[in-house]
2 protein chains.
Amino acid sequence: MQFSFRMPVAVQILLCIAKFDGVFKTTSTFLASSVNINPVIIRKTLGQLKAAGLVEVAAGVGGAKLVKDPREITLQEIFNAVEEDEDLFHIQENPNPKCPVGRNIQQVLGNKLSVVKNHMLDDFAKITLADLLNDINTAEESRQ
Amino acid sequence: MQFSFRMPVAVQILLCIAKFDGVFKTTSTFLASSVNINPVIIRKTLGQLKAAGLVEVAAGVGGAKLVKDPREITLQEIFNAVEEDEDLFHIQENPNPKCPVGRNIQQVLGNKLSVVKNHMLDDFAKITLADLLNDINTAEESRQ
DNA sequence: ACTCATTGTAATAACATGATTTACAATGAG
DNA sequence: CTCATTGTAAATCATGTTATTACAATGAGT
């Protein structure tokens with residue numbers, strides 16, 4: 001059981017824009033070839049990132065730009081942009097109300113798990129696009 | 001995007017066993033009626049919990065017992081018992097090797113995300129079955 | 001030894017969700 | 001006006017989860 005492609009794809013899109021803006025026109029087709037995924041997915045994701053105020057997309061002419069400095073864009077924002085705001089885990093919605101465990105499980109377990117989710121979001125908030133870009137560059141250097 | 005039922009179901013199973021062992025025979029049908037789910041799911045989950053050394057199940061006669069003290073059973077063990085040991089997120093497996101971002105994204109993002117996953121598991125390790133049982137009992141008391 | 005409720009497990013179906021693909025109107029710089 | 005591109009809808013495919021049915025194996029109780 002894993003989270004979907006969406007957040008990693010969004011990260012890769014933003015990294016490509018950060019790295020190639022000004023060098024290449026970062027169209028959905030261009031980005032799609034880096035991720036190796038369908039351009040429609042890129043356009044949808046780009047739409048979510050635009051709605052979240054992270055990028056602006058030039059309709060018609062094509063290409064996307066970052067709105068904020070990579071040091072100001074966190075993984076938390078990216079995650080929130082592309083994922084629903086919902087619980088991390090799916091707790092049974094119709095447990096038996098006659099069972100003392102069943103009638104309290106949602107509240108009790110839900111409380112504990114929401115704390116865990118918040119910790120995860122805190123961790124995400126500490127990782128910036130600039131960090132990732134830096135790691136990409138370091139990895140590139142050590143590649144030769 | 002959420003994790004599946006499995007871990008919450010496993011938690012509820014263990015809570016019911018802890019609460020009702022000695023009072024009722026905790027058969028898969030009994031447990032299924034608390035969770036309001038199919039008994040086969042219970043039996044499969046119970047099998048995973050047995051394999052993880054958390055419960056023992058009486059084949060033939062029926063019923064399950066905890067092998068360990070609820071204070072010694074953590075959410076981490078329960079999570080590991082029922083979920084694959086895999087990455088939290090699904091990073092594109094075939095990114096473009098000609099793109100400097102594509103050819104490093106797995107390593108760079110994977111590293112960051114594995115740290116986050118480990119933090120999540122650490123959080124889980126701090127929550128015991130006894131904690132949850134206690135919360136259930138408290139919630140029950142405040143219910144009247 | 002027999003009974004019978006129960007477990008363990010396989011197989012299948014039903015369902016939900018994610019990803020792919022095709023298609024096309026709307027956009028906007030040149 | 002043109003044309004590459006975006007934004008979006010719809011249909012399809014793939015995959016994973018949950019539900020359901022079925023039945024052999026188990027083992028305590030009689």
Side-chain angles (χ1 to χ4, degrees), chain A residues 1-10 12-13 16-17 20-21 24-33 35-52 55-65 79 81-84 86-95, chain B residues 1-10 12-13 16-17 20-21 24-33 35-52 55-65 79 81-84 86-95:
Chain A
M1 187 80 215
Q2 296 180 303
F3 278 96
S4 70
F5 275 139
R6 283 202 293 272
M7 188 269 259
V9 167
Q12 195 167 347
I13 287 173
C16 280
I17 295 174
F20 295 119
D21 184 33
F24 299 108
K25 190 161 77 160
T26 51
T27 66
S28 64
T29 306
F30 173 83
L31 296 167
S33 89
V35 186
N36 198 19
I37 206 177
N38 196 285
V40 175
I41 310 275
I42 300 289
R43 297 207 280 271
K44 267 188 201 159
T45 307
L46 226 30
Q48 293 177 304
L49 294 173
K50 187 172 75 173
V55 299
E56 55 190 20
V57 184
V61 60
K65 283 186 197 311
F79 179 82
V82 298
E83 291 283 349
E84 298 276 308
E86 62 188 349
D87 289 339
L88 203 52
F89 285 85
H90 192 337
I91 304 178
Q92 172 66 17
E93 281 152 25
N94 309 304
Chain B
M1 186 80 216
Q2 296 180 303
F3 277 97
S4 70
F5 275 139
R6 283 201 294 272
M7 187 267 260
V9 166
Q12 195 168 345
I13 288 173
C16 280
I17 295 174
F20 295 119
D21 184 33
F24 299 108
K25 190 161 76 160
T26 52
T27 65
S28 63
T29 307
F30 173 83
L31 295 168
S33 89
V35 185
N36 198 20
I37 205 177
N38 196 285
V40 175
I41 310 275
I42 300 288
R43 296 207 280 271
K44 267 188 200 159
T45 307
L46 227 29
Q48 293 177 304
L49 295 172
K50 187 172 75 173
V55 300
E56 56 190 20
V57 184
V61 60
K65 283 186 196 311
F79 179 82
V82 298
E83 291 284 349
E84 298 276 308
E86 63 190 347
D87 288 339
L88 203 52
F89 286 86
H90 192 335
I91 304 178
Q92 172 64 18
E93 281 153 24
N94 308 306

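Letters go in sequence order (proteins before strands), and every chain restarts at 1.
- Base-pair partner of C/dA14: D/dT17 (Watson-Crick or G-U wobble, both distances under 3.5 Å).
- Tested against B/L49, the residues B/I17, B/V55, B/V57 include a single side-chain contact (heavy atoms from CB on, under 4.5 Å) partner, B/V55.
- One interatomic measurement links the two molecules: NZ of B/K65 to P of C/dT6, which rounds to 15 Å at whole-angstrom precision.
- Mapping A/A59 and B/A64 onto DNA chain C via the closest heavy atom, the residue that lands nearer the 5' end is B/A64.
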Worked verdict on A/L31 versus A/T45 for side-chain contact (heavy atoms from CB on, under 4.5 Å): CA-CA 11 Å; A/L31 296 167; A/T45 307; over 6 Å; no

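- Summarising the geometry, the separation between CD on A/Q12 and C1' on C/dA19 is reported as 16 Å, rounded to the nearest angstrom.
- Taking a cutoff of 4.0 Å between a charged side-chain nitrogen and a carboxylate oxygen, A/E83 and A/R6 qualify as a salt bridge.
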Audit row: B/M7, A/F89, side-chain contact (heavy atoms from CB on, under 4.5 Å) steps and yes/no: CA-CA 8 Å; B/M7 187 267 260; A/F89 285 85; 3.8 Å; yes

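- To the nearest angstrom, P of C/dG18 lies 17 Å from CD of B/E93.
- Listed by residue number, A/V40, A/R43 are the residues of residues 35-48 of chain A with a heavy-atom contact under 4.0 Å to DNA chain D.
- Annotation for A/V82 and A/A10: closest pair CG1-CB, 3.9 Å, computed over non-hydrogen atoms.
- Distance, A/H90 NE2 to D/dG16 C1': 13 Å, rounded to whole Å.
- Rounded to an integer number of Å, the gap from CD of A/E86 to C1' of C/dA16 is 13 Å.
- Note on A/K25: every side-chain N or O is 4.0 Å or more away from OP1 and OP2 of D/dA4.
- When Watson-Crick and G-U wobble pairs are counted only if both distances are under 3.5 Å, C/dG30 pairs with D/dC1.
- Using bins of under 30°, 30° to 60° and over 60° for the plane-to-plane angle, the ring pair A/H90/B/F5 lands in the tilted bin.
- Among the nucleotides D/dT18, D/dG7, C/dG18, the one closest to any side-chain atom of B/F5 is D/dT18.
- Following rounding to the nearest Å, A/E56 (CD) and D/dT5 (C1') show an atom-to-atom distance of 16 Å.
- Taking atom CZ on B/R6 and atom P on D/dA19, their separation rounds to 12 Å, with Å as the unit.
- Considering only side-chain atoms of B/S28, the nucleotide from C/dA19, C/dT27, C/dT7 that sits closest is C/dT7.
- D/dA4 atom C1' lies 16 Å from atom CZ of A/F30, rounded to whole Å.
- A/S33 contributes atom OG, which lies 9.0 Å from atom CD1 of A/I42 (distance to the nearest 0.5 angstrom).
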